[in-house]
**Q** 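The structure that follows is given in the form of structure tokens.
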Amino acid sequence: MIGPHWSKGWIIENNIISESKCVGISLGTEIGTGHTKSLEKHSKGGTQREQEVILQALRSGWHKDNIGSHTVRGNVIHDCEQAGIVGHMGAAFSHIYQNRIYNIHHKRLRHGAEVAGIKLHASLDTQISENIMYNCYRALWLDWQAQGTRISRNVFFDNLSEDLFVEVCHGPYMVDHNLFLSPMNFRNMAQGGAFAHNLFAGRFVVRSEITRITPYHFPHETAMAGYSNITGGDDRYYNNIFIGDNDPNKEPVPITFFEHLPLKPRDEVGEDGKTAMDGVPDNSICYLHAVGLGGYDQHPDVKDKKWWEYTKEELMELGDAAKDFFIGNAVLPVAMGGNVFLNDAVPSRHESQAKIVAQKGINVEIDPALGKVHIQIHDPELLRGISAMLVTTDLLGKTYHADMKYEEPDSSPYHFDSDFFGTKRPDADVTPGPFELTEKGTIDFDI
């Protein structure tokens with residue numbers, strides 16, 4: 001319905017956008033890249049075609065001086081069939097905030113790999129904040145090159161597939177102070193993410209994608225610095241809250257890639273009866289873990305010995321496991337600290353001192369029909385005494401591939417010294433999760 005095409009600096013604000021059979025707002029792609037040549041769509045693999053499209057876009061002037069830097073704020077977007085907001089390279093360096101997006105892909109007229117409340121390719125340095133996204137097929141999908149992206153202070157609930165899907169990206173991307181309240185919170189098919197002060201009430205899928213080679217960039221630029229596959233890891237989790245979902249079976253559950261548990265899938269179904277995406281059955285298996293960080297147990301820790309530090313003799317002792325070091329498929333290390341696991345949520349082995357409690361401590365009530373969330377922290381003592389540290393750029397370090405810090409688009413450092421509402425945090429012993437506890441302790445509010 002609204003689209004700046006291949007341009008820079010639009011302001012799209014305070015609109016009510018609904019009933020598009022495709023997209024509410026399109027932030028653009030370059031038509032000359034050849035991405036729309038449907039007759040050639042199946043002559044090459046999708047990853048190869050996308051690589052060609054990116055290179056052609058660079059040749060056509062894809063640079064922050066010319067493209068992106070749009071502002072999309074204060075809009076209500078609902079009942080669109082493909083996406084509320086979409087962008088393919090054209091959304092880079094943009095700011096998307098304070099929008100309410102719901103009922104996306106609600107009628108199920110057709111399906112496809114671009115269906116989400118917000119779906120962006122190459123969201124370089126894009127800031128996605130203070131949005132409320134619910135009752136979507138999936139809420140936020142960042143595909144390829146989410147380098148420098150920040151996802152902050154958003155509220156996600158009642159989404160069918162998941163709240164957040166990050167795909168084949170090397171980072172760094174930052175996820176902080178969000179409320180993830182759907183049954184499935186995060187589908188992680190990327191690496192290089194940092195997660196701080198979020199509230200997670202649903203499950204994760206964590207998997208590698210070693211067959212797809214995608215680019216990373218020089219910091220805060222469109223110019224490409226290199227390519228790599230996605231072995232997984234290079235993620236950080238600090239000061240988050242995980243609320244268990246009362247599932248007595250905490251073991252990982254195998255699922256096909258586009259299956260949606262714990263809800264039943266609503267995708268198209270192939271002739272063999274298996275779940276399909278874009279009409280193509282997908283037999284790729286991954287694992288849905290209990291609420292928490294157990295999906296990272298097979299990853300090395302940042303404190304472990306790095307692969308290049310092994311001697312030849314030590315590698316020989318590793319046997320077949322050492323092959324990954326030489327074919328580029330070794331999973332990357334992860335870092336964790338200051339997280340709280342309520343209602344028997346499951347920590348990772350990387351956090352031996354994690355606080356685990358049987359009580360829930362936080363009530364979350366959702367009314368999808370009214371688009372409302374009520375949150376009550378009625379047992380604040382469960383969140384005290386963690387000695388969680390202030391999360392900063394220095395703590396988070398650099399990502400492995402892009403060799404880039406977690407920082408603002410202007411290269412200034414992150415310093416998370418205020419909470420979801422802007423309340424000032426102390427310099428030490430901050431409260432895990434999105435909300436800093438006051439002297440009163442209890443928190444009761446509606447969104």
Side-chain angles (χ1 to χ4, degrees), residues 46 83 104-105 111-121 123 128 133-146 149 151 154 156-171 173-175 178-195 198-212 214 229-235 237 240 242 245 252-267 275-278 282-299 331 334 346 348:
I104 303 300
H105 195 53
H111 201 48
E114 311 300 327
V115 171
I118 300 176
K119 171 65 192 288
L120 304 177
H121 277 79
S123 57
I128 303 169
M133 304 178 66
Y134 60 97
N135 202 13
C136 299
Y137 179 79
R138 58 171 46 94
L140 175 57
W141 186 354
L142 302 179
D143 197 356
W144 293 58
Q145 306 147 279
T149 300
I151 304 160
N154 300 282
F156 304 91
F157 61 95
D158 198 43
N159 297 300
L160 174 62
S161 185
E162 66 276 320
D163 293 327
L164 173 63
F165 181 13
V166 184
E167 185 177 6
V168 292
C169 163
H170 305 284
Y173 65 94
M174 186 74 228
V175 182
N178 300 280
L179 309 184
F180 294 101
L181 306 177
S182 297
M184 185 164 154
N185 290 165
F186 182 32
R187 191 183 297 272
N188 185 2
M189 199 170 146
Q191 51 201 19
F195 302 80
N198 299 287
L199 175 61
F200 292 106
R203 298 186 172 204
F204 285 18
V205 165
V206 180
R207 59 160 285 180
S208 61
E209 180 47 87
I210 60 175
T211 64
R212 297 169 67 188
T214 64
N229 61 0
I230 305 295
T231 59
D234 201 17
D235 294 331
Y237 287 85
N240 301 283
F242 296 84
D245 58 2
V253 179
I255 63 172
T256 54
F257 180 62
F258 284 102
E259 189 174 10
H260 312 116
L261 294 179
L263 302 177
K264 293 182 179 180
R266 298 184 192 175
D267 280 354
T275 302
M277 183 65 172
D278 288 334
D282 191 317
N283 300 324
S284 180
I285 296 294
C286 52
Y287 288 88
L288 182 68
H289 291 263
V291 176
L293 293 173
Y296 288 95
D297 282 352
Q298 301 305 312
H299 288 68
V331 293
V334 296
V346 179
S348 170

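Counting from 1, the numbers follow the sequence of the chain as shown. Any value given below was found using the heavy atoms of this structure, including those in side chains, with hydrogens, waters and symmetry copies removed.
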**Q** Can you tell me if Lys119 uses its side chain to pair, donor with acceptor, with the backbone of Ala113 under 3.5 Å?
**A**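 Yes: the side chain of Lys119 pairs with the backbone of Ala113.
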**Q** Would you mind reporting whether Ile230 and Arg212 have side-chain heavy atoms less than 4.5 Å apart?
**A**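 The answer is no; the side chains never approach within 4.5 Å.
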**Q** Using side-chain heavy atoms (C-beta onward) and a distance below 4.5 Å, is Asn229 in contact with Thr211?
**A**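 They are not in contact (no side-chain heavy atoms under 4.5 Å apart), so the answer is no.
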**Q** For a 4.5 angstrom cut-off between non-hydrogen side-chain atoms, does Ile118 reach Ile104?
**A**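 Of all side-chain heavy-atom pairs linking Ile104 with Ile118, none is under 4.5 Å.
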**Q** According to side chain to side chain contact (heavy atoms under 4.5 Å, CB included), who are the partners of Ala139, at least two apart in sequence or on a separate chain?
**A**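 Only Met133, Phe156, Asn159 meet the side chain to side chain contact (heavy atoms under 4.5 Å, CB included) criterion with Ala139.
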**Q** What are the two closest heavy atoms between Phe157 and Asp163, and how far apart are they?
**A**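 Minimum heavy-atom contact is N-OD1, 4.1 Å.
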**Q** Taking side chain to side chain contact (heavy atoms under 4.5 Å, CB included) as the test, write out the residues that go with Ser348, two or more places apart.
**A**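 Scan of Ser348 (side chain to side chain contact (heavy atoms under 4.5 Å, CB included), adjacent residues dropped) gives Leu293, Tyr296, Asp297, Met336, His350.
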**Q** List the steps and the verdict of side chain to side chain contact (heavy atoms under 4.5 Å, CB included) for Leu142 and Tyr173.
**A** CA-CA 10 Å; Leu142 302 179; Tyr173 65 94; 5.6 Å; no
**Q** Do side-chain atoms of Thr149 reach the backbone of Ser123 as a donor and acceptor pair under 3.5 angstrom?
**A**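 At least one qualifying donor-acceptor pair exists.
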**Q** Pair Asp143, Val168 - check side chain to side chain contact (heavy atoms under 4.5 Å, CB included), show working.
**A** CA-CA 6 Å; Asp143 197 356; Val168 292; 3.8 Å; yes
**Q** Which value, rounded to the nearest 0.5 Å, describes the distance between Phe200 atom CZ and Ser182 atom OG?
**A**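 Separation between the atoms: 12.5 Å.
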**Q** Any sub-3.5 Å donor-acceptor pair from Asp235's side-chain atoms to Gly193's backbone N or O?
**A**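 At least one qualifying donor-acceptor pair exists.
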**Q** Examine distances only and state if a side-chain atom of Asn188 and a backbone atom of Val206 form a donor-acceptor pair shorter than 3.5 Å.
**A**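 Between the backbone of Val206 and the side chain of Asn188 there is no qualifying donor-acceptor contact (under 3.5 Å).
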**Q** Measuring from atom NE2 of His170 to atom OG1 of Thr231, what distance do you get when rounded to the nearest 0.5 angstrom?
**A**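 If we round to the nearest 0.5 Å, His170:NE2 and Thr231:OG1 are 9.5 Å apart.
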**Q** Name the one of Arg187, Met184, His105 that satisfies side chain to side chain contact (heavy atoms under 4.5 Å, CB included) with Ser161?
**A**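 For Ser161, the side chain to side chain contact (heavy atoms under 4.5 Å, CB included) check succeeds only for Arg187.
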**Q** Between Glu114 (side chain only) and Ala83 (backbone N and O only), is there a donor and an acceptor less than 3.5 Å apart?
**A**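 No, because the side chain of Glu114 does not come within donor-acceptor range (under 3.5 Å) of the backbone of Ala83.
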**Q** Using a 3.5 Å distance criterion without hydrogens, assess whether the side chain of Asn185 forms a donor-acceptor pair with backbone atoms of Ala201.
**A**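 Confirmed, Asn185 side chain pairs with Ala201 backbone.
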**Q** Rounded at 0.5 Å granularity, tell me how far OH in Tyr237 sits from CZ in Phe242.
**A**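 Tyr237 atom OH to Phe242 atom CZ measures 6.5 Å (nearest 0.5 Å).
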**Q** Measure the OG-NE2 distance between Ser208 and His299 for me, rounded to the nearest 0.5 Å.
**A**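 Separation between the atoms: 7.5 Å.
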**Q** Taking the side chain as everything from C-beta on, heavy atoms only, tell me whether His121 gets closer than 4.5 Å to Trp144.
**A**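 Sidechains of Trp144 and His121: in contact.
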**Q** Verify whether the ring centers belonging to Phe186 and Phe195 lie closer than 6.0 Å.
**A**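 That pair passes the under 6.0 Å test.
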**Q** With sequence neighbours left out, write down each residue that passes side chain to side chain donor-acceptor pair (under 3.5 Å) with Asn178, or none if nothing qualifies.
**A**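 Applying side chain to side chain donor-acceptor pair (under 3.5 Å) to Asn178 gives Asn154, Asn198.
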**Q** Using 0.5 Å steps for rounding, measure from the CG atom of Asp158 to the CG atom of Asn135.
**A**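 Asp158 atom CG to Asn135 atom CG measures 5.0 Å (nearest 0.5 Å).
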**Q** Using every non-hydrogen atom in the two residues, find where Ala190 and Cys169 come nearest and quote the distance to one decimal.
**A**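 Heavy atoms only, the tightest pair is CB-O, 3.3 Å.
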